[in-house]
There are 2 protein chains.
Amino acid sequence: MSKIQDVANLAGVSVATVSRVLNNSPKVSAKTRLNVINAVKELNYEPNLLGRNLRRSETKMILVLLQNISNPFYSKVIKGMEDYGHKNNYNVMFCNTDSNIEREKKYLDLLKNKLVDGVIFMAPEIDIYTMNTIGKNYPLIQCCEYLENSQISRVSIDNEKAAFEAVEYLIKNGHKKIGLINSKKPHQSSKDREKGYRRALYENNIQIDESLIRYESYGFKGGINAIKSFVDEKKVPDALFTVSDIIAIGAIKALKSFNFNVPDDISIIGFDNLSISSMYDPILSTVSQPRYELGNKAMELIIEIIKNKKNIIKNVVLNHQLLIRESTKKE
Amino acid sequence: MSKIQDVANLAGVSVATVSRVLNNSPKVSAKTRLNVINAVKELNYEPNLLGRNLRRSETKMILVLLQNISNPFYSKVIKGMEDYGHKNNYNVMFCNTDSNIEREKKYLDLLKNKLVDGVIFMAPEIDIYTMNTIGKNYPLIQCCEYLENSQISRVSIDNEKAAFEAVEYLIKNGHKKIGLINSKKPHQSSKDREKGYRRALYENNIQIDESLIRYESYGFKGGINAIKSFVDEKKVPDALFTVSDIIAIGAIKALKSFNFNVPDDISIIGFDNLSISSMYDPILSTVSQPRYELGNKAMELIIEIIKNKKNIIKNVVLNHQLLIRESTKKE
DNA sequence: TTGTAGGCGTTATCAT
DNA sequence: ATGATAACGCCTACAA
């Protein structure tokens, strides 16, 4: 494996000149540059970036911490991050925390150990104090999910408003007994979506019936369990808002098994517009987040912090969209 | 940000001793070790791994190249890789190639630039010659998908046999007009699955009817299109084998829209046992790959290569499983 | 058991 | 425009 000195020898120049050529410095004569380039080719030279990284004290690598990479929600967010990152010569590394705080902390060591230049959180597990402390010393951004009141910039949608609109749509279309299936885990987005649900009922003079609210695991089974418990209690809502598509799909599957028809008997609105939601039968009405843009923006913000070394706290809110499709009955 | 020298100063020892403590060298007196540890804590010292990596010329980082991280097939494979990697002090980095050869080559630079210690391919785009060449100089492994006859170790299932068994099951249960929906992209696994399909028909004395075979995009739409074309040609099979669950689900969705019942009118067997396949209605019969183990083994192999520096070509074949569920009619 | 010092491969400053 | 050389932070002979 050849190193910069070998190239220098072959080209008959100093390592400094080789380095200049490699880094596109303008102060190299055309002739020398050509010499060097030929030597590089002849030796099949590949710069050892460990040396460069140490010297420059940067890695051009961003770490993205998410709950689990296989969550379909992330796919477009990831794309948005990668695109912006690559355009700016950054590589992006995605790591699963599995909602495990120890694991998250382990990954944060990559930051402290200078192996990555910045971290984007998509589902922070650490407490707000730790997050703020790390954020004082290292570039940090929160994307989609976040700790409220933290001193760390974030980009997300307005979850409260989105939920409000979804539930209001159900109300405007004649539904009265509107249930909520929320996640057991009290993420900020879930809390906000529940707030929106409650406000929509409140502002439309519908008494909130706590027996129509369920807190379940965030997934297919959560939806199934919620429906089972509604059926058990012989009190099935005439419409449902769920904090995720995957919960909604579980709910639909369970409703079918109890011979309820969606949307004729029950309307359902999910959240996130996952690809599966348009494959399902019926195609799910849902709230769509601008996932690509969320990722893109998060990457923009972190690179900005890295470059500017200063940290102005920003709360970027992007627009969501209510998608009405087959799982909701129109009045 | 403190460095090793600061710790040494505070502890009243040399940097060598600090380094020894950090690396758990046994030749440090208990007292000195304690001193150092205290100094480390007091200064909140975090070693700069860029220095270490350069010095040791390793990063303890494995790069996994896959088509797209959001493909649900990968989720458990990824978990298997991470678990084995972490247990052996390796970090794992997953990157999307989007089936783009340029992008793949770009990521391979991380290997040449010494930023990762090895690469696992899950859907190689580069040609066999390039792969072999790189494999001569750097640790490489193929997982699930692979280039046949390459000089690079791999771990996968026996796709031909798995397909054979699936199709034979359909035959044994009374189906005669058995269609195949394959992927347009001629990946090795798809080719092998088609081989298995053909062999099953052949060995059971069923004439292969090429008009029952479709090559479509690898996804939901592929399944839909295939069914549309069968219906257009007024020649719908009485059973279908598809090379992926997601194609199978597209097919089911389309069949429903044409008022075919699965499995009463048509039996379908997919491939991969994606989580969505057990959420669907009907629950999909499919071939399950030991995805966690595939990932685990691939990681084991690459770490082995890295440690041993020698490269014995291995073809590891793990066992698949035919899962018969709701989308197939029993005779 | 501990310290000294050289070197990993690169970049960047300062001469020339 | 080019070269010599000192870092970057760490590890590890080798010496003591």
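Just so it is clear, the model here is predicted, and its values are computed rather than measured. Note on naming: letters A, B, ... go to the chains in the order of the sequence lines (proteins, then strands), and numbering restarts at 1 for each one.
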Within this structure, what is the CG-to-P distance between B:Asn9 and D:dG9, rounded to whole angstrom? 14 Å
Applying ring pair (Phe, Tyr, Trp, His ring centres under 6.0 Å), name anything that partners A:Tyr292, two or more places apart in sequence or on another chain. none
Quick check: on DNA chain D, is the nucleotide nearest A:Val15 upstream (toward 5') of the one nearest B:Ala16, or the reverse? Name the residue that is more 5'. A:Val15
Nearest-Å distance for atom pair CG/C1', residues B:Asn24 and D:dT12: 16 Å
In sequence, state the C-alpha distance, the side-chain angles, and the governing distance for B:Asp272 and B:Gln289, and then conclude on side-chain hydrogen bond (donor to acceptor under 3.5 Å, both in side chains). CA-CA 6 Å; B:Asp272 287 344; B:Gln289 301 197 40; 3.0 Å; yes
If you look only at distance, which donor and acceptor atoms sit under 3.5 Å apart when one is on a side chain in residues 69-78 of chain B and the other is two or more places apart or in another chain?
residue : atom : partner : partner atom : Å
B:Ser70 : OG   : B:Asn68 : OD1          : 2.4
B:Asn71 : OD1  : B:Phe73 : N            : 2.8
B:Tyr74 : OH   : B:Gln67 : N            : 3.4
B:Ser75 : OG   : B:Pro72 : O            : 3.2

Rounded to the nearest 0.5 Å, what separates atom SG in B:Cys144 from atom CG in B:Leu294? 4.5 Å
Checking ring-ring contact (aromatic ring centres under 6.0 Å, His included) for the pair A:His187/A:Tyr146: CA distance, chi angles, key distance, verdict? CA-CA 8 Å; A:His187 279 303; A:Tyr146 57 88; over 10 Å; no
side-chain hydrogen bond (donor to acceptor under 3.5 Å, both in side chains) between B:Asn159 and B:Ser189: does it pass, once the steps are laid out? CA-CA 6 Å; B:Asn159 283 288; B:Ser189 66; 5.0 Å; no
What's the CG-P distance between B:Leu22 and D:dG9, to the nearest Å? 15 Å
Under 4.0 Å from OP1 or OP2 of D:dA1: is there any side-chain N or O of A:Ser29 that close? no
Could you tell me whether B:Ser19 contacts a base, only the sugar-phosphate backbone, or nothing, with contacts defined as non-hydrogen atoms closer than 4.0 Å? base
Using a heavy-atom cut-off of 4.0 Å to chain B, what are the terminal contacting nucleotides of DNA chain C, in 5' to 3' order? C:dT1 to C:dG9
Residue whose nearest DNA chain C nucleotide is more 5′ - B:Ala30 or A:Val18: B:Ala30
Classify the nucleic acid contact of B:Ser57 as base, sugar-phosphate or nothing, counting any heavy atom under 4.0 Å across all strands shown. nothing
From D:dC11, D:dG3, D:dA7, pick the nucleotide closest to the side chain of B:Asn23? D:dC11
Looking at A:Arg55 and D:dC8, is any side-chain donor or acceptor paired with a base atom of the opposite kind under 3.5 Å? no
Pick base, sugar-phosphate or nothing for A:Lys27, based on heavy-atom distances below 4.0 Å to the nucleic acid. base
For B:Ile4 and D:dC8, give me the distance from atom CD1 to atom P, rounded to whole Å. 14 Å
Just jot down the ring pair (Phe, Tyr, Trp, His ring centres under 6.0 Å) partners of B:Tyr138, sequence neighbours excluded, or say none. none
Atom-pair distance (CG on A:Leu115; P on D:dG9), nearest Å: 14 Å
Could you give the CZ-to-P distance, from A:Arg20 to D:dA1, as a whole number of Å? 10 Å
Using the rule given for side-chain hydrogen bond (donor to acceptor under 3.5 Å, both in side chains), can you reason through A:Asn132 versus A:Ser150, listing the C-alpha separation, both sets of side-chain angles and the distance that settles it, and then say yes or no? CA-CA 6 Å; A:Asn132 286 338; A:Ser150 70; 4.7 Å; no
How many whole angstroms separate atom CZ of B:Arg56 from atom P of D:dC8? 21 Å
For DNA chain C, what residues of residues 43-53 of chain B have any heavy atom nearer than 4.0 Å? none
Residue pair B:Ile152 / B:Gln142: nearest heavy atoms and the distance that separates them: O-NE2, 3.2 Å
Results of salt bridge (Lys or Arg N to Asp or Glu O under 4.0 Å) for B:Glu104 - residues two or more places apart only: none
